[in-house]
Amino acid sequence: MKITLTTLAAALVATPLIAGEVAPASVTFGEYGEIEQSLTGQPGDPENGGLVMKNKSIGNCIACHQVSALSDQPFHGEIGPSLDGAGDRWEEADLRGIVANAKQMFPGTIMPAYYKTEGFTRPGNAYTGKAPEGDLDPLLTAQQIEDVVAFLVAQKEE
Amino acid sequence: MKFKALTAIAALVVAPGLALAQADDDNLVINGEIEAVTKTAAPAHMEDTGVDTIMSGWHFRSDETQALQMDDFDNPGMIFVDLGIEQWNKVEGEAGNSCASCHEGPESMEGVRAVYPKWNEDAGEVRTLAHQINACRTENMEAEPYKYTGGQMANMEALISSKSRGMPVNVAIDGPVAEVWERGKELYYTRTGQLELSCANCHEDNYGNMIRADHLSQGQINGFPTYRLKNAKLNTSHARFKGCVRDTRAETFTPGGPEFIALELYVASRGNGLSVEGPSVRN
């Protein structure tokens with residue numbers, strides 16, 4: 001429990017860009033929407049990636065996806081495909097691209113872009129319903145994206 | 001990109017059709033006498049949406065929640081209908097009138113809910129039921145308007161809706177309202193907020209699917225106002241719209257404002273043919 005709380009607290013603080021990180025506007029997508037370069041240059045932590053994915057106020061990925069490895073948290077959604085075996089189906093660069101901005105790989109997808117800060121219609125101040133104060137933060141930090149990618153790479157069925 | 005990814009995507013293309021299977025086949029009969037139409041053919045204007053059957057949100061709720069709406073003694077929304085009757089008969093404002101002064105009993109409201117929002121010729125505008133209620137208050141009673149999504153408004157809407165229960169929703173979409181209707185349609189398909197989600201993403205493409213612990217319905221408003229077990233009060237449609245837009249991490253629109261009036265007209269028209277159910281019960 002202690003770990004979860006610390007992670008949560010960390011996520012609530014708007015994080016200035018750390019040296020060596022790729023800013024959302026500077027990300028380079030490949031031909032299919034993949035991102036080859038790590039956003040942080042640091043290896044991701046799959047365990048924290050799992051926490052980000054199941055926490056309702058962070059990634060909330062399981063709102064839409066079923067993930068067997070996260071079944072300690074109930075109520076997985078049915079909007080997107082199951083992420084079991086995602087590491088068999090995709091390269092790391094693809095997964096980074098999908099999590100950062102899935103619309104590059106799947107045009108028109110319902111999946112939100114987690115590493116994007118511009119180009120929205122009526123963006124709000126998180127879930128307050130009010131106008132934003134200043135610049136938007138991406139939904140996930142660069143390190144959280146890398147953590148989630150590390151978690152997904154490890155989802156193997158074969 | 002690996003080859004298998006393509007199979008995963010191909011499988012997704014068929015998903016929307018499966019959603020149909022997930023609305024149940026129960027029948028809604030209220031008080032053993034009002035047989036509600038809760039599933040019917042989509043109106044002609046929805047031809048391009050891929051939705052061929054429109055369904056009440058009632059079908060997407062649990063048996064227990066559904067049962068609460070089948071008997072007025074169990075329906076918590078009916079308490080607010082009683083409060084609405086008191087408001088109906090209460091003289092307020094400079095003109096010394098109550099609703100009853102002009103309209104006699106609430107029975108005179110039969111059929112009214114089913115055709116709102118509608119064009120008001122004298123005012124030259126599309127009026128929601130809530131706007132009409134407030135127009136009566138300010139013009140005919142010279143009283144203060146109700147707060148647009150407040151409790152007294154919800155009570156009055158519940159009373160008026162209850163007199164149309166079982167009657168088909170039948171809002172006009174052409175003639176003088178056409179422009180507002182088009183604007184509402186545009187809003188319905190606009191992806192708002194940092195999550196970039198439109199009404200259609202959830203309620204057209206994914207009804208029947210679970211989004212975390214919520215079972216997505218078609219987002220119909222034939223059941224409004226709605227008693228929600230979650231907040232234990234009666235909720236108006238604009239309050240619901242506001243909540244759904246907020247959940248896209250967007251700056252919401254103002255309840256009672258031009259955007260939500262247009263959206264209400266459009267969403268109501270997607271329910272043309274379903275029975276009026278208000279006050280309904282949802283979770």
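Sequence lines set the chain letters: A, B, ... in the order given, protein chains first and strands last, and positions in each chain run from 1.
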For A/Asn125, is it the side chain, the backbone, both or neither that has a heavy atom under 4.5 Å from a heavy atom of chain B?
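For A/Asn125, no heavy atom lies under 4.5 Å from chain B.
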Counting only heavy atoms closer than 4.5 Å, note whether A/Glu92 contacts chain B via side chain, backbone, both or neither.
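No part of it gets close to chain B.
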Can you tell me how far apart [atom1] ([X]) and [atom2] ([Y]) are? Round to the nearest 0.5 Å.
X        : Y        : atom1 : atom2 : result
A/Thr109 : B/Glu196 : OG1   : CD    : 10.5 Å
A/Ile62  : B/Met210 : CD1   : CE    : 12.0 Å
B/Leu216 : A/Glu78  : CG    : CD    : 9.5 Å
A/Arg122 : B/Thr252 : CZ    : OG1   : 7.0 Å

Which region of B/Leu195, side chain (C-beta onward) or backbone (N, CA, C, O), has a non-hydrogen atom less than 4.5 Å from a non-hydrogen atom of chain A, or is it both or neither?
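Interface part for B/Leu195: both.
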Pick one of side chain, backbone, both or neither for B/Ser198, based on which atoms fall under 4.5 Å of a heavy atom in chain A.
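It is neither, since no heavy atom gets under 4.5 Å.
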Which one of [options] has the most heavy-atom pairs closer than 4.5 Å to chain B?
options                               : answer
A/His76, A/Gln66, A/Lys116            : A/Lys116
A/Leu136, A/Thr121, A/Thr128          : A/Thr121
A/Pro112, A/Gly77, A/Ala126, A/Pro138 : A/Ala126
A/Lys103, A/His65, A/Glu34            : A/Lys103

Does NZ or CZ of B/Arg191 lie under 6.0 Å from the centre of the six-membered ring of A/Phe120, at an angle within 45° of the ring axis?
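B/Arg191 over A/Phe120 ring: no.
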Would you confirm whether B/Arg212, through its side chain, and A/Cys64, through its main-chain N or O, come within 3.5 Å as a donor-acceptor pair?
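Such a contact is absent between B/Arg212 side chain and A/Cys64 backbone.
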When you measure from the side chain of B/Glu251 to the backbone of A/Lys130, do you find a donor-acceptor pair of N or O atoms at a distance under 3.5 Å?
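Absent.
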Starting from the C-alpha separation in whole Å, work towards a yes-or-no answer on side chain to side chain contact (heavy atoms under 4.5 Å, CB included) for A/Ile110 and B/Asn206.
CA-CA 10 Å; A/Ile110 187 175; B/Asn206 280 294; 3.6 Å; yes
Audit row: B/Asn201, A/Ile79, side chain to side chain contact (heavy atoms under 4.5 Å, CB included) steps and yes/no:
CA-CA 10 Å; B/Asn201 284 140; A/Ile79 312 285; over 6 Å; no
